[in-house]
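Atoms within a ligand are numbered from 1 in the order they appear, just like the ligands themselves.
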Amino acid sequence: MAQIAFTLRGMRCAACGNIVTTAVQQVPGVSQCDVSFGAAQAMVTYDPQRVSWQAIQQAIAQAGYGAEPLVNTDLLAEATAEDNAQAVTMQELQHRLFLAGGATLVLVVGSLPMMLGVSIPWLPMWLHHPWLQLALTTPIQFWSGESFYGGAWKALRYRSATMDTLVALGTSAAYFYSLFATLFPSRVEQHGHAPDVYYEVSAVVITLILLGRWLEHRAKGETTTALRKLMGLQPSTARVLRDGMEQEVPVSAVGVGEIVVVRPGEKIPVDGEVIAGASTVDEAMVTGESLPVAKGVGDEVIGATLNQTGSLQIRATRVGQETFLAQIVRLVRQAQGSKAPIQRLADQITAWFVPVVIAIAIVTFILWYSVAGNATLALLTTIGVLIIACPCALGLATPTSIIVATGKGAEYGVLFKTAASLEQAQAIQVLVLDKTGTLTQGHPTVTDVITHGAEPLEVLTLVASVEWHSEHPLAVAVVTYAQSQGVTLKEVTDFQAIPGSGVVATVATQTVHIGTQRWLEELGMATHEFAAAVHTLEAQGKTVIWLAIAQGVVGVMAIADTVKPEAAEVVRTLHALGLRVVILTGDHPTTAAAIARQVGIDQVCAGVRPDQKAATIAQLQAEGKRVAMVGDGINDAPALAQADVGIAIGTGTDVAIATSDITLISGDLHGIVTAIQLSRATMRNIRQNLFFAFVYNVAGIPIAAGILYPLWGWLLNPMVAGAAMAFSSVSVVLNALRLRHFRPQVVSLRHPL
Ligand SMILES: Nc1ncnc2c1ncn2[C@@H]1O[C@H](COP(=O)(O)OP(=O)(O)OP(=O)(O)O)[C@@H](O)[C@H]1O
Ligand SMILES: [Cu+]
Ligand SMILES: [Mg+2]
């Protein structure tokens, strides 16, 4: 199975999405197709052995829409291409809108006396002549309004109906009835009706809907500004060392392994590793990390970040599609194109909506015509129903908010993998934090070494030799410390790591165990000798590892890791947001409790083995809580997957952390607060949008159908319906855009919430 994303052109409402879905799913070999109207994207899962993506593209084209596979080779080129496509669409809309607007103005002025029921002396009568009106309306109907017929026809071929169907039906009814009355006024009079014409109804409705669409398009362009800003970060050229000479080349021409020179104040063009020089780099635009980061030889740098103080020479490690920035853009795009669970509901409603509305319109017509015997009323109410019921705002309500919010998240260094994760983050009740690397910096250092009955340097030599084979952060600390003491490492055999307990190996003839107290006791070793000293160390929040040689404990080592400076503030804010915060760690309970106290966490789950971490999450879930887990993503993967929302701390420059739902690009814990608050703001925004969309439709239909007419003589003029419809979509998009002003809020010490 393979997956491909297409960007789509020519979609006008969520129902168009249903058509694309149907068309693609009819292709043999396609197993799933998800279309997001808001993001204008289709995500297709298919079997590449049975069908090519070109065939899928073909199928979409046959359904009447444009589709381009989404592969970002060059962020800049892609951004320009998108801008151009947007400009072309806008221009075409503008032409049609200008013509419609001009002609409609004349029509409306001409119809004023009739509409208002007064005579306006200075207005020449011929302005209201049916033939002039026909001449003015015809180009609006068939040129400006051509897209409605086109859309309705496309839909019809898939036995479906979209908002185009409704508009085409409604305006055609007004136009053709008027045409009939113009051509054969006597026939109309025969039936006992005045041969009135309603050209202006069709003209005004078409103009308003085009205006609405134009405004909507303009506003929708704004929803992706955050993403555009990201794409625009990519510098266009790079200075590369070739044959000992500095050459300025396009970024796309830089190859992996090439040496790139970056001067102070310049953007780093590609991802790479520093091979010469030292500097500080502002990574805020990509990672959200606000403080500049010091970089020296051996450090990784991220393309598109800003080199500040010194000159750097870097070796390019990732270019083109592989760069960190490109990965982020891809992830954000995917999230924008994915469907939030709340949207599936809206989609289902939309699919049923149009046929139901057509049925209501028919019933309305029959009732007014045959029961009340009023042809004018029958015509106007039917048109009103068809126009007001257009479900376009409903289709925009969810995706536009999601698009703005995911972009906003990326700005703060918070990547939502899917729209679903954005929806779920608001409902989190318990937040579980891994200790090492999440709450702490993850750069542990050895602070104390205590030995009894053994030569300290000899113990250190054996221990460091074993730890050299371990990947564990504690092991790295031990090796670094030993090297600083001038220890030379020895040959090791039979190395074995027991996750959550420690490591064991043979050096020369001696078996060396390094690990937790519990583990050594399980192996039958006595630990009481160090118990008192260890307790003091652990109460300081230090991690203690136990050292045993030849089945006897010979010493302990204390390792400290500083707590992240923002941790306390973040925990305080999470509490203020109503969350329960829990530490989950494999470390000793005393150590964990000390750390918990430092940052203000009240619940500790310590001594948990890696394979039990997921079970601990499940336990919390069994209490009926919605649980989020924050971890560094590697050894915490099962727990991240088990949690309702898995939040991974970005490790270095690797964003593609598979098991998490949300990735915090920098290690900054503020990202957790941002994610939750952004999720809450987004869901609030979506609910407002759905309300806007529904109010127009649900309240509008009965009024348009004339329910209030018998009571108070109220009737929704079809032109007013057109205005309401057009502006419902605009108001939804504008409301979604308010999310651009989202700002996370933390509770600092001086300003308690
Ligand atoms: N390579 C190792 N060297 C020494 N001790 C180890 C090693 N691996 C594990 N341990 C012991 O096992 C304990 C649990 O390890 P584990 O990796 O599960 O958790 P952790 O890294 O300490 O904390 P966290 O769960 O917060 O990441 C450690 O605190 C340490 O005492
Ligand atoms: Cu509509
Ligand atoms: Mg760990």
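- For atom 29 (O) of ligand 1, the choice among D587, I545, T591, V476 with the nearest heavy atom turns out to be D587.
- Which parts of ligand 1 touch K435 is read off a 4.0 Å heavy-atom cut-off, strictly below it: atoms 26 (O).
- Under 3.5 Å, the side chains of Q677 and Q426 contain no donor-acceptor pair of N or O atoms.
- With ligand atoms numbered from 1 in the order given, ligand 1 contributes 29 (O) to contacts under 4.0 Å with heavy atoms of T543.
- Side-chain atoms of D271 and T317 include no donor-acceptor pair closer than 3.5 Å.
- Here the shortest heavy-atom distance to atom 4 (C) of ligand 1, taken over H472, E467, Q612, belongs to E467.
- The atoms of ligand 1 that sit less than 4.0 Å from any heavy atom of V503 are 1 (N).
- Ring centroids of H513 and W546 are separated by 6.0 Å or more, keeping the two rings apart.
- Neither the backbone nor the side chain of R609 comes within contact range of ligand 1; no heavy atom lies under 4.0 Å.
- The N/O atoms of D434, backbone and side chain alike, include one that comes under 3.5 Å of an N/O atom in ligand 1.
- Between F530 and H452, the ring-plane angle classifies as tilted under the 30° and 60° cut-offs.
- Atoms of ligand 1 found under 4.0 Å from any heavy atom of K613, numbered from 1 in the order shown, are 24 (P), 25 (O), 27 (O).
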D668 vs K564, salt bridge (charged side-chain N to carboxylate O under 4.0 Å, His left out): CA-CA, chis, key distance, verdict = CA-CA 8 Å; D668 193 327; K564 287 185 184 163; over 6 Å; no
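- Near I514, meaning under 4.0 Å from one of its heavy atoms, ligand 1 places the atoms 4 (C).
- In the candidate list S470, G586, G502, G502 is nearest to atom 9 (C) of ligand 1, counting heavy atoms.
- Atoms of ligand 1 found under 4.0 Å from any heavy atom of L474 (numbered from 1 in listed order, with element): 28 (C), 29 (O), 30 (C).
- Nearest heavy atom pair, residue V544 against residue V556, reads CG1-CB, 3.8 Å.
- The shortest heavy-atom contact between L422 and A405 is CD2-CB, 3.7 Å.
- Residue contacts with ligand 1 do not include E471, since none of its heavy atoms lies under 4.0 Å from the ligand.
- Of all atoms in ligand 1, listed by their number and element, those nearer than 4.0 Å to a heavy atom of P610 are 18 (O).
- Of the heavy atoms in P473, none comes closer than 4.0 Å to ligand 1.
- The side-chain heavy atoms of D448 and M557, taken from C-beta on, include no pair separated by under 4.5 Å.
- Checked by atom type, the side-chain pair R580/Q429 shows no donor-acceptor distance below 3.5 Å.
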